[in-house]
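One structure is given below, encoded as structure tokens.
Chain naming here is simple, since letters A, B, ... match the order of the sequence lines and numbering starts at 1 in each.
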There are 2 protein chains.
Amino acid sequence: MTTARERPTLEAVARRAGVSRATVSRVVNGSTTVAEPIQEAVRQAVRELGYVPNLAARSLVTQRTDSIALVLPESATRVFSDDQFFPGIIRGVSQELEAADKQLVLMMASSTASQERIERYATGRHVDGVMFASMHGVDPLPGALARMGIPVICNGRPLGRAAASVPYVDVDHVGGVTTAVRHLLDSGRRRIATIAGPQDMVGGIDRLTGYRNALQDSGCRSIVAVGDFTRESGAQAMRQLLNDDPHLDAVFVASDLMAHGALRTLREAGRRVPDDVAVIGFDDIEIARYTDPPLSTVRQPIHEMGREMTRQLLRLAAGEEIELALILPTELIVRESS
Amino acid sequence: MTTARERPTLEAVARRAGVSRATVSRVVNGSTTVAEPIQEAVRQAVRELGYVPNLAARSLVTQRTDSIALVLPESATRVFSDDQFFPGIIRGVSQELEAADKQLVLMMASSTASQERIERYATGRHVDGVMFASMHGVDPLPGALARMGIPVICNGRPLGRAAASVPYVDVDHVGGVTTAVRHLLDSGRRRIATIAGPQDMVGGIDRLTGYRNALQDSGCRSIVAVGDFTRESGAQAMRQLLNDDPHLDAVFVASDLMAHGALRTLREAGRRVPDDVAVIGFDDIEIARYTDPPLSTVRQPIHEMGREMTRQLLRLAAGEEIELALILPTELIVRESS
DNA sequence: ATGAAAGCGCTAACAC
DNA sequence: GTGTTAGCGCTTTCAT
């Protein structure tokens, strides 16, 4: 049943239609310089034989594959958690790729083995370009691929040397956080803590930097706990902060998911939000509108970032020059608690 | 920076090492019939030139690509929701593929355009085989690919004609549900309702069949509401059931996520679980252990199903014969409420 | 053990 | 407009 039945080639179609291979190729690829009756004859032969072009052969000569990889250096468990970052990026990417009629190839890589397989896959020219998102630490792969002449773009400024050579799309973490912390200062808060994100990810690092910058000018001291962007880590970090400074009156949390966990801890500890403690998150995920009280947050355009990243990569793959960095704006969303 | 710098070919490596292309090919592919000093010379040339084999050229001659597609005919939003089915399957698939050193290519297809792109991709021999999961309605693609001689396997019995020709891996929905409903009957319940899954998916259909079968022998009448496997639809369906029969004393819910929603509705309606209404779900997702009360459920081995499906596909791709259907057992998990 | 040579199926000049 | 031809980069007999 699955005997790889002889599949018809261009040659076979050409014979059947009584034309040359070149003509069949033209028709298949939609060239207009073929007489209508011949086009029809070819199409019929294609139909009768069930001909489908062999992509390997095609890309061997065209040097294109019309597919693009999105690499997520995360475990499947993490990618499919309730962190809305991943679906946001993927939807943005899919949308642009669909418009360009390119195929998305999604690759997750947690183990070293899978990283190597991805490297082979990309350097072997299986894809026309590679996008990276949710990167951790100093990843050598983007730089390595770029050096081999493969179009590469990162979501989030890459850490390490790659930052200077691999183009990226990111949001203005520092600006957004600064605005948020200033807002807290302006509303009279003085003991402003933060729950930072993982310090091996650029989002985690930059948002902590933003917090520190904003406080520096104010004379307030910084109070820091670190989470890993999960809800549970937010709850845990909040407990630690309350322990470190029971009198804190505000907290900036580097992700809404962590902020959600932090709200739970605050409630358990009998603190009223925002009366006793003001909370501002980051991401503007759906759930932020439904927490009690609704969460003020810094909105970052994740979906737009996915789209923009894709557009940039396609330009790169088309041989155009692009900017090294494209930074999208963030926006403080203040939600009055009811 | 992204000038697709001339990439070295076998030819170049051969010249540099002073051997023939054939010898380089042998070394690169790990043939043992090459003298050690020559092997070393070749490896050095490969290193110096940064040679990477062109996969398109290779698969043109070998007729293999060493990559396998997993097609999910769902939107990204759905795939990345909190339905734990997707990560379970994907983890199982990844694990087996990794062991076989094959690359996973994940493809989501909601629109017609993306379905066509996937068809081109697979028929164009970009992958050595295709797996389908979470299928809706009668999907012609699996059968079409199989007819072209492409190894195909489905997760869940395909609906329509494909059921007879495309091999699949599924769990024993009917058996599991029957056991569950019998358990309710045995514990004295007589007004047993069900919240069914979507009736365009085999899981939804078969679980409803199981429910009907089990009731048929008992003389109890069936009370049915239909959801779409989401939590919200479960809450909604439960409201309808309570409306249809305020005196129902049990409900079998076709997924734990819907059961979670149903529990909420029951609580809101002032029904005690399990005293007033017994609830049994399906899936045994993590959250079932933490609901109030903990949820009895039918466990299906999703991760194992992903692994088994992959193993079967790899056998198929290797030219072996496989069974048309492989059905994994389900198991009733009874959780005593505290 | 190594090399020569024949393709794999397709596209793209270049002729006509 | 259509056909002829020369590869794309690799593997794999078949000689040696």
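- Checked by atom type and distance alone, the side chain of A:T62 pairs as donor or acceptor with a backbone atom of A:R58 at under 3.5 Å.
- Considering only the side chain of B:V34, C:dT2 comes nearest among C:dT11, C:dT2, D:dC8.
- In the set D:dT2, D:dT12, C:dC10, C:dC10 carries the atom at the smallest distance from any side-chain atom of A:L10.
- Rounding to whole angstrom units, CZ of residue A:R15 and C1' of D:dG3 are separated by 16 Å.
- B:T33 has no side-chain polar atom (N or O) that falls below the 4.0 Å cut-off from OP1 or OP2 of C:dA1.
- Within the structure, a side-chain polar atom (N or O) of A:S20 is placed less than 4.0 Å from OP1 or OP2 of D:dG3.
- Residue A:R125 contributes atom CZ, which lies 16 Å from atom C1' of D:dC10 at whole-angstrom precision.
- A donor-acceptor contact under 3.5 angstrom links the side-chain atoms of A:R26 to the base of D:dG3.
- When the P atom of C:dC8 is taken as reference, atom CZ of A:R58 falls 19 Å away, rounded to whole Å.
- Looking at B:D128, its side chain does come within 3.5 Å of a backbone N or O of B:T65 through a donor-acceptor pair.
- In this structure, A:H126 and B:H126 have tilted ring planes: the angle between them lies in the 30° to 60° band.
- Nearer the 5' end of DNA chain C, as judged by each residue's closest nucleotide, is the contact made by B:V19, out of B:V19 and B:V61.
- One can place CZ of B:R64 at 15 Å from P of D:dC10, the figure rounded to the nearest angstrom.
- The residue B:I38 sits close only to the backbone: its heavy atoms come under 4.0 Å of sugar-phosphate atoms, none of a base.
- Remark: the backbone N or O of B:I327 is not paired with any side-chain donor or acceptor of B:D170 at under 3.5 angstrom.
- In this entry the distance linking NE2 of B:H126 with P of C:dC10 reads 13 Å, nearest Å.
- Checked against C:dC10, D:dT11, C:dG3, the side chain of A:A57 finds its nearest nucleotide in C:dC10.
- Counting to the nearest Å, the P atom of D:dC10 and the CG atom of A:N54 are 16 Å from each other.
- An OP1 or OP2 oxygen of D:dT11 is reached within less than 4.0 angstrom by no side-chain nitrogen or oxygen of B:T62.
- Within the 4.0 Å cut-off from OP1 or OP2 of C:dC10, not a single side-chain nitrogen or oxygen of A:S25 is found.
- Atom pair B:Q63:CD and C:dG9:C1' shows a separation of 9 Å (rounding to whole Å applied).
- The side chain of B:T9 lies closest to D:dG9 when the candidates are C:dG3, D:dG9, C:dC10.
- Counting non-hydrogen atoms under 4.0 angstrom, B:A35 reaches the backbone sugars and phosphates but no base.
- Taken from CG in B:L159 to SG in B:C154, the straight-line distance is 10.0 Å, to the nearest 0.5 Å.
- Regarding A:R21, its CZ atom lies at a distance of 12 Å from the P atom of D:dA6, rounded to whole Å.
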